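Contents: one structure, followed by commentary.
Side-chain atoms are counted along with the backbone in the values below, which use heavy atoms only and exclude waters and symmetry mates. Start at 1 and go down the list; that is how both ligands and their atoms are numbered. Computed from a predicted model, the values in this text were never measured in an experiment. Residues take their numbers from the sequence shown, with the count starting at 1.
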Amino acid sequence: MIYLGADHGGYALKEAIKAHLTAQGIAVTDCGTYSTDSVDYAPIAKETCTRLLADSDKESLAILCCGTGIGISMAANKVHGIRAACCSDYFGAKYTRLHNNANVLCMGGRVIGVGLALELVDVFLHTPFEGGRHQRRIDQIADIEAQYRK
Ligand code: RB5
């Protein structure tokens with residue numbers, strides 16, 4: 001399952017991604033927003049990430065869009081267990097899967113065009129985590145998270 005979320009700044013891009021994935025037969029869950037009306041990105045990030053983490057299928061991933069991709073990625077990364085990467089280039093979208101085991105791709109609907117965004121989506125979804133030494137580094141990130149858990 002691919003979970004999608006966006007604020008008004010990322011709404012159009014989310015819709016394009018949803019159409020792109022659906023056309024490939026990939027199951028999506030749209031966590032909103034559902035129009036171009038102004039809406040805050042943090043609750044959308046929380047809802048989308050919560051649904052992703054509750055999914056028993058550990059192959060599931062999420063894609064979040066806002067105007068820049070930055071605010072929604074900041075919010076997503078506050079959810080324990082989320083590794084959200086804000087990407088606007090192909091190399092980053094590929095290597096954040098290979099090395100960071102990112103489970104959320106964030107993009108800015110006011111930053112990149114739909115064509116590039118869909119390329120980033122495809123490489124993100126089809127690139128596996130490399131593991132090995134990178135697992136140790138991800139564990140270190142989780143350790144920091146645990147230290148600050150109330
Ligand atoms: C909304 O205007 C905009 O601030 C938001 O979409 C995002 O870019 C924040 O990081």
Determine whether any protein heavy atom is located less than 4.0 Å from atom 4 (O) of ligand 1.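 No.
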
Can you confirm whether I82 sits close enough to N103 that some side-chain heavy atom of one is under 4.5 Å from a side-chain heavy atom of the other?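 A side-chain contact exists here, since the closest heavy-atom pair is under 4.5 Å.
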
Nearest protein heavy-atom contact for atom 2 (O) of ligand 1: which residue, which atom, what distance?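 Nearest neighbour among protein heavy atoms for atom 2 (O) of ligand 1, to 0.1 Å: R110 NH1, 3.3 Å.
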
Is ligand 1 less than 4.0 angstrom away from at least one heavy atom of M74?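 False for this residue.
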
Enumerated ligand 1 atoms positioned under 4.0 Å from heavy atoms of [X]:
X: T68; value: 7 (C), 8 (O), 9 (C), 10 (O)
X: G67; value: 5 (C), 6 (O), 7 (C), 8 (O)
X: H8; value: 1 (C), 2 (O)

D139 and its side-chain hydrogen bond (donor to acceptor under 3.5 Å, both in side chains) partner, picked from R136, Q135, R137: Q135

May I ask you to check whether [X] has an N/O atom sitting below 3.5 Å from an N/O atom of ligand 1?
X: Y41; value: no
X: G71; value: yes
X: C66; value: no

Say whether, by atom type as modelled, one donor and one acceptor occur between the side chain of Y34 and the main chain of G32 under 3.5 angstrom.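 Side chain of Y34 to backbone of G32, a donor-acceptor pair under 3.5 Å: yes, one is there.
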
Should the heavy atoms of other residues, nucleotides or ligands under 6.0 Å from NZ of K18 be counted, would the total exceed 12?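 Yes, because the 6.0 Å sphere around NZ of K18 holds more than 12 heavy atoms from other groups.
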
Are there over 12 heavy-atom neighbours, none belonging to E59, within less than 6.0 Å of that residue's CD? no

Remaining members of hydrophobic cluster (4.5 Å side-chain criterion), L13: I2, L4, I17, L21, I26, V28, L61, I63, Y90, L105, M107, V111, I112, V114, L116, L118, L120, V121, V123, F124, L125

Taking ILVMFWY side chains as joined if any heavy atoms are under 4.5 angstrom apart, and letting links pass through other members, which residues group with F91?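 Joined to F91, directly or through intermediates: Y95, L98.
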
